[in-house]
Amino acid sequence: MDAISLHKIQISGPTLASLIQRVSSAAGDVDGLLFGRVSHITPLTLSDDSSAATTSDQPTLIATVTSFFSFTSTSTFYSASGQLDTPALNNLLSTSSSDDRLIGWFSGRRKTHLRPSMRESSVTSALASSIQFSSQVQNSHESHTFPPCIFFLLTTPFQDQLIHTHEYKAFQFQSSTDSFDPKTLDVVNLGPAFRGHYGNFTPNSPFPDLPFQVKGLNCESMVEDEGEKEKEKFGTLCDEGFKIGRLKILMGSEAANYTAELEELYNNMIKKLNGLAKLVEQSSARVLEQENHNMKLRYKVAGFE
């Protein structure tokens with residue numbers, strides 16, 4: 001049985017850029033899993049006349065890609081012939097940090113045509129027919145499930161180019177015809193026209209928190225009472241008085257009221273960076289002057305003058 005046909009596929013600009021960067025920076029071909037959600041959205045036709053505003057009786061089905069999980073090589077959750085390795089896939093899903101459901105996968109290849117291969121068709125068909133990986137359709141009046149039948153294909157041009165460095169296409173696999181149905185990929189970016197759509201995305205980061213050390217601070221004393229003073233001193237130096245409570249108001253609907261304060265913070269940071277750059281330049285000039293002076297002294301000692 002085929003899945004409900006998608007109207008389009010949405011993905012945020014940063015997520016797509018991160019996916020392209022992952023494929024472009026890889027040493028060879030890569031693939032990975034796509035996470036997100038599928039929901040019914042009822043389109044509203046607006047008009048100047050409030051009585052003329054109509055709502056479509058049939059809602060459209062839209063898939064939203066919120067994150068992805070990339071592997072260092074291909075054939076991680078499937079065999080060379082395209083057969084799905086269910087235990088390996090379950091293991092990968094259990095270690096994934098994404099809260100969204102599996103809705104498909106992607107493949108990144110080098111200097112190939114922008115069309116799915118036979119193995120990619122076999123893998124997508126196996127995923128689309130796996131009921132255990134299906135997710136519930138959101139905002140649906142009836143109980144509908146959607147299998148992970150979405151497939152992203154990314155390739156690079158046959159000849160190296162300075163500007164055109166990648167190509168991509170989105171598909172929905174139809175099990176009844178055993179074919180790929182190309183879908184419109186809607187890239188949602190920041191801006192007045194996209195604020196309503198952008199609010200549907202939740203940022204996901206698959207990277208764990210990394211420990212860091214700040215030069216000039218005694219890290220061992222952090223566990224002692226004096227360590228709190230050092231952390232407070234460092235925090236005051238970086239945030240320019242913007243404590244955690246004030247930083248929270250810079251996110252959300254009220255952020256526009258504090259734009260001037262945030263710009264002032266950026267201006268102060270730029271001034272500090274400029275001052276630091278001047279200090280580095282002056283220090284480099286002094287080091288060069290001292291090296292020249294030392295060289296003259298060595299010449300005198302060697303008897304050249």
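Here the side chain of R22 pairs a donor or acceptor atom with the backbone of F71 at under 3.5 angstrom. Remark: side-chain polar atoms of N294 are paired, donor with acceptor, to backbone N or O of Q290 under 3.5 angstrom. Checking side-chain atoms of S122 against main-chain N and O of M118 turns up no donor-acceptor pair under 3.5 Å. For R110 (side chain) and S24 (main-chain N/O), a donor-acceptor pair under 3.5 Å exists by modelled atom type.
Counting heavy atoms from C-beta outward, F133 and L84 have side chains that approach closer than 4.5 Å. Within the 4.5 Å cutoff, the side chain of H40 has heavy atoms near those of the V137 side chain. Put simply, the side chain of Y168 does not reach to within 4.5 Å of the side chain of L19, judged on heavy atoms. Looking at L6 and D181, their side chains never come closer than 4.5 Å, going by heavy atoms from C-beta outward. Annotation: side chain of K272 is not in contact with side chain of L276 (no heavy-atom distance under 4.5 Å). F77 has its side chain within reach of W105: a pair of non-hydrogen atoms, C-beta onward, lies under 4.5 Å apart. Contact annotation: the side chain of H144 never approaches that of L61 to less than 4.5 Å [non-hydrogen atoms, C-beta and beyond]. Two residues are said to be in side-chain contact when any heavy atoms from C-beta on lie closer than 4.5 Å; S18 and F68 meet this criterion.
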Test S5 against K183 for side-chain contact (heavy atoms from CB on, under 4.5 Å), laying out the working first. CA-CA 10 Å; S5 180; K183 294 296 178 180; 3.1 Å; yes

I would like to know whether I41 and H7 meet side-chain contact (heavy atoms from CB on, under 4.5 Å); could you show each step before the answer? CA-CA 10 Å; I41 297 180; H7 175 66; over 6 Å; no

Determine whether V23 and H166 satisfy the following criterion, side-chain contact (heavy atoms from CB on, under 4.5 Å), listing intermediate values before the conclusion. CA-CA 9 Å; V23 175; H166 58 269; over 6 Å; no

Decide yes or no on side-chain contact (heavy atoms from CB on, under 4.5 Å) for T66 and T15, but give the supporting numbers first. CA-CA 7 Å; T66 57; T15 303; over 6 Å; no

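Within 6.0 Å of atom CD in E289, 12 or fewer heavy atoms from other residues, nucleotides or ligands are found, so the atom counts as exposed in its surroundings. Heavy-atom neighbours of L279 CG from other residues, nucleotides or ligands within 6.0 Å: above the threshold of 12.
Separation of atoms CG (L33) and CZ (F106) is listed at 8.0 Å; rounding is to 0.5 Å. With values rounded to the nearest 0.5 angstrom, D29 atom CG is found 12.0 Å from K111 atom NZ. Taken from NZ in K8 to OG1 in T64, the straight-line distance is 9.0 Å, to the nearest 0.5 Å. Here L127 contributes atom CG and F173 contributes atom CZ; the two are 10.0 Å apart, rounded to the nearest 0.5 Å. Between atom CD of residue Q172 and atom CD1 of residue I9 there is a gap of 7.0 Å, rounded to the nearest 0.5 Å. Rounding to the nearest 0.5 angstrom, the gap separating the CZ atom in F69 from the CG atom in L93 is 9.5 Å.
Checking T124, D85, D31 one by one against Y78, the side-chain hydrogen bond (donor to acceptor under 3.5 Å, both in side chains) holds for a single residue, D31.
Closest approach of E120 to R115, counting heavy atoms only: OE1-O, 4.4 Å. The heavy-atom pair separating T145 from S134 by the smallest distance is CB-CB, 4.2 Å. The heavy-atom pair separating P148 from G104 by the smallest distance is CB-N, 3.7 Å. For the residue pair P116 and R109, the shortest heavy atom distance occurs at CA-NH2, 4.0 Å. In plain terms, the two heavy atoms of S12 and V187 that are nearest each other are C-CG1, 4.5 Å. When all heavy atoms are compared, the tightest approach of F180 to P182 is O-CD, 3.5 Å.
Judged by distance alone, the side chains of K169 and T155 never bring a donor and an acceptor atom under 3.5 Å apart.
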